2 protein chains.
Amino acid sequence: MVAELDLSDAEVDRIFRALADATRRDIVERVLTGEQSVSALADRYDMSFAAVQKHVAVLERAGLVTKQNRGRERLVRGNPDAIRRVQALLDRYERLWRARIDRLDALLAEPPHPSPSAPEQE
Amino acid sequence: MVAELDLSDAEVDRIFRALADATRRDIVERVLTGEQSVSALADRYDMSFAAVQKHVAVLERAGLVTKQNRGRERLVRGNPDAIRRVQALLDRYERLWRARIDRLDALLAEPPHPSPSAPEQE
DNA sequence: TTAACGTACAACCAAATGGTTGCAGAACTT
DNA sequence: AAGTTCTGCAACCATTTGGTTGTACGTTAA
């Protein structure tokens, strides 16, 4: 589990995997801007309806989009919460990096330290 | 190309794909905190050295980590620039979403609009 | 010099991915 | 009632992924 985010490893896997395809990222952009039916999306890409349908399913399993029934159509819309959760995860990476830099800075700022015992090196 | 980021689709693919694996995310965390040799990393996981080596190669191809030679060792370190580039991409998605919400708000705020001509629809 | 260590890479394998076509069902239209 | 539209799903296929073992080579230590 990614502690502060309440997301399992498998969920994070699915989110990143879903975003690792240009067609799917494009779909996310479109449906964040405005909901669209699956066939309206399919018209935009040079592949079969079934292929687009699969892409939408991948995004749905990752929680990046949701579907809502309207008559015979399925309206796909973006889920901004999922986006924010990924952002939070990347923020964590940046914080780790900054913490490291801070530690290095602190070391350099220290006066030449004549520690008598050998430094623990793990 | 993702305009404002100077990243090709293929590069973004590689970055997200690289992050879509728990072992690789763990490696990124470790080497953002402090550089480590490939074998030091391999000791941490319940898989062969070669498997960890492959994971590091995936991260390297994605630009998330870099390697530096030191004697017979290869020191792996995190590349915070790549992290920031992904953050920028997700920011773009969030801005799209906010722009949509703003548009919807504007519509609701409008007085009942008796437009004489049919509204342009696509 | 020999032995051990750290790495790279090839070959192999099972499973997942990303595409296809085809068929069937639900929901509109005429 | 019949036809069209939108969707879902199964079956199939080529490629990629994520793991393995084995071999080879440069570097450090005895």
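First the proteins, then the strands, lettered A, B, ... as listed; each starts at 1. Being a predicted model, the structure only gives us computed values, none of them experimental.
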Let me know the distance between [atom1] of [X] and [atom2] of [N], rounded to the nearest Å.
X	N	atom1	atom2	value
B:N69	D:dT28	CG	P	11 Å
A:L41	D:dC6	CG	C1'	13 Å
A:D43	D:dT7	CG	P	10 Å
B:E73	D:dT28	CD	C1'	10 Å
B:R70	D:dT28	CZ	P	10 Å
A:R14	C:dT17	CZ	C1'	16 Å
A:D13	C:dA16	CG	C1'	13 Å

From [X] atom [atom1] to [Y] atom [atom2], the distance as rounded to the nearest 0.5 Å:
X	Y	atom1	atom2	answer
B:E60	B:T66	CD	OG1	7.5 Å
B:E35	B:Q68	CD	CD	6.5 Å
B:Y93	A:L19	OH	CG	6.0 Å
A:D26	A:R30	CG	CZ	4.5 Å

With a 4.0 Å cut-off, would you call A:E29 and A:R25 a salt bridge? no

Report yes if at least one side-chain N or O of B:Q53 is closer than 4.0 Å to OP1 or OP2 of C:dT7; otherwise report no. no

Report yes if a side-chain nitrogen or oxygen of B:R74 is closer than 4.0 Å to either non-bridging phosphate oxygen (OP1 or OP2) of C:dA8; otherwise report no.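 The answer is yes; a side-chain N or O of B:R74 sits under 4.0 Å from OP1 or OP2.
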
Quick one: do B:V31 and B:L64 satisfy side chain to side chain contact (heavy atoms under 4.5 Å, CB included)? Show the steps, please. CA-CA 10 Å; B:V31 301; B:L64 287 165; over 6 Å; no

A correct 5'-to-3' footprint of nucleotides 11-26 of chain D, with B, S and - meaning base, sugar-phosphate only and no protein heavy atom under 4.0 Å, is B-----SSBBB-----

